[in-house]
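Take a look at the structure set out below.
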Amino acid sequence: MGFEDPQTNSKPVVIREVWSSNLESEFELIREVIDDYPFISMDTEFPGLIFKSAVPYSRERRQSDHYKMLKSNVDALNLIQVGLTFSDASGNLPDLGTGTQFIWEFNFRDFDVTRDDHAPDAIELLRRQGIDFEKNREEGIDSFRFAELMMSSGLVCNDLVSWVTFHSAYDFGYLVKILTRRALPDGLDGFLSLLQVFFGERVYDVKHMMRFCDSLYGGLDRVARTLDVSRAVGKCHQAGSDSLLTWHAFQRMRDVYFVKDGPEKHAGVLYGLEVY
């Protein structure tokens, strides 16, 4: 699982924006590349948190309490964006036979900012970063169709795929919700069972892995700066751009901090749910 330096590939990166009108054709492309690019970095954007614990993060909380809060929020809210970056074992992204590398950003119609619950500060932040909620409602993807295509794409229920994320409990919570078309399981064990069925055992959460890396702390952008990894395309808090930055941060962490034993022993732990 050796990687080249993510900053040395000179091909520009383009975000493939996916809407209802091109959803089917983009999944056709994904089905064509998944076998050759089985490392998937994922990020989501959602309407913030409307339920928050009264217990400060500095105090010890049980895993079941973390999950209860996650379930309350995910069950009540709707997904806005999913970003996916695909890579091969050498760190290359799909170029689809062109001189450009590509990543994907899926825009959903499920969330209605005029009607649905949300955290106002989160929505304002996403607006400032360029998300057009009105366009999402008019031209966005229905999550039911997205889930159908995802199930037949090779992205899930595929033991050959690895997933790379950053602080991903909520990201996976929303994906499990749309894949099952129902509220999240009542208990943490039920959720983790579904997670393993859909996404397998090779799930890497960079935020969790940071606990084993000297001098790494904070959010994705701070970690990337510390690792001397730059954002190749897009803005922060846009799911496609963040998925690529997560992938490049993972590559650099792997090559700096996990040279001897690799990152495999840290797989399967979601920061924000199983550990804090």
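Source: prediction; values computed, not measured. Values below: all heavy atoms of this structure, side chains included; hydrogens, waters and symmetry mates excluded.
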statement: Only residue of Phe166, Phe258, Phe250 satisfying ring pair (Phe, Tyr, Trp, His ring centres under 6.0 Å) with Tyr204 is Phe250
Report yes if some heavy atom in the side chain of [X] is under 4.5 Å from a heavy atom in the side chain of [Y]; otherwise report no.
X      : Y      : value
Asn107 : Glu139 : no
Leu29  : Trp104 : yes
Leu155 : Leu84  : yes
Asp110 : Leu79  : no
Leu23  : Phe106 : yes
Asp35  : Leu160 : no
Glu138 : Trp19  : no
Phe86  : Ile34  : yes

Nearest heavy-atom neighbours spanning [X] and [Y]:
X      : Y      : result
Gly154 : Asn158 : O-ND2, 2.9 Å
Tyr174 : Leu77  : OH-CB, 3.3 Å
Ala232 : His248 : CB-CE1, 4.3 Å
Arg231 : Gly234 : CD-O, 3.3 Å
Asp242 : His237 : OD2-N, 3.0 Å
Leu245 : Ser230 : CD1-O, 3.8 Å

Would you say [X]'s side chain and [Y]'s backbone share a donor-acceptor pair under 3.5 angstrom?
X      : Y      : result
Asp43  : Gly83  : no
Arg202 : Asp159 : yes
Lys71  : Leu184 : yes
Gln81  : Gly240 : no
Thr100 : Pro12  : no
Gln101 : Lys11  : yes
Arg137 : Arg109 : yes
Lys207 : Gly218 : yes
Asp205 : Tyr271 : yes
Ser87  : Asn92  : yes

Is the [atom1] atom of [X] crowded by more than 12 outside heavy atoms at less than 6.0 Å?
X      : atom1 : answer
Gln129 : CD    : yes
Arg182 : CZ    : no
Asp121 : CG    : yes

Is there a path of hydrophobic side-chain contacts, each under 4.5 Å between heavy atoms of I, L, V, M, F, W or Y residues, that connects [X] with [Y]?
X      : Y      : answer
Ile50  : Met69  : yes
Leu244 : Leu126 : no
Ile123 : Leu49  : no
Met151 : Val33  : yes
Val233 : Ile131 : no

Quick check for you: to the nearest 0.5 Å, what is the distance between [X] atom [atom1] and [Y] atom [atom2]?
X      : Y      : atom1 : atom2 : answer
Leu194 : Leu175 : CG    : CG    : 12.5 Å
Lys52  : Ser72  : NZ    : OG    : 14.0 Å
Arg254 : His266 : CZ    : NE2   : 12.0 Å
Ser168 : Leu270 : OG    : CG    : 4.5 Å
Cys236 : Arg128 : SG    : CZ    : 9.5 Å
Gln63  : Asp65  : CD    : CG    : 10.0 Å

message: Is the distance from the ring center of His208 to that of Phe212 below 6.0 Å?
response: yes
field: Pair Phe146 and Phe27, ring centroids less than 6.0 Å apart
entry: yes
- request: Could you walk me through whether Asp171 and Phe46 pass side-chain contact (heavy atoms from CB on, under 4.5 Å), step by step?
  value: CA-CA 9 Å; Asp171 298 326; Phe46 51 87; 4.3 Å; yes
message: Quick one, Tyr257 with Arg252, criterion side-chain contact (heavy atoms from CB on, under 4.5 Å). Give me CA distance, side-chain angles, the key distance, then yes/no.
response: CA-CA 8 Å; Tyr257 295 98; Arg252 186 62 58 81; over 6 Å; no
- prompt: Less than 4.0 Å between a side-chain N and a carboxylate O, is that true for Glu148 and Arg145?
  reply: yes
message: Parallel, tilted or perpendicular, judged at 30° and 60°: which one describes the rings of Phe172 and Trp163?
response: perpendicular
query: Parallel, tilted or perpendicular for Phe133 and Phe111, by the 30°/60° rule?
result: perpendicular
- request: Any chance you could lay out the side-chain hydrogen bond (donor to acceptor under 3.5 Å, both in side chains) test for Gln196 and Glu201, step after step, and finish with the verdict?
  value: CA-CA 6 Å; Gln196 187 166 352; Glu201 298 181 351; 3.0 Å; yes
side-chain contact (heavy atoms from CB on, under 4.5 Å) assessment of Phe39 paired with Val164: CA-CA 7 Å; Phe39 297 91; Val164 176; 5.6 Å; no
- prompt: When you look at Ile80 and Phe108, which way does the side-chain contact (heavy atoms from CB on, under 4.5 Å) test go after all the steps?
  reply: CA-CA 5 Å; Ile80 296 171; Phe108 291 87; 6.0 Å; no
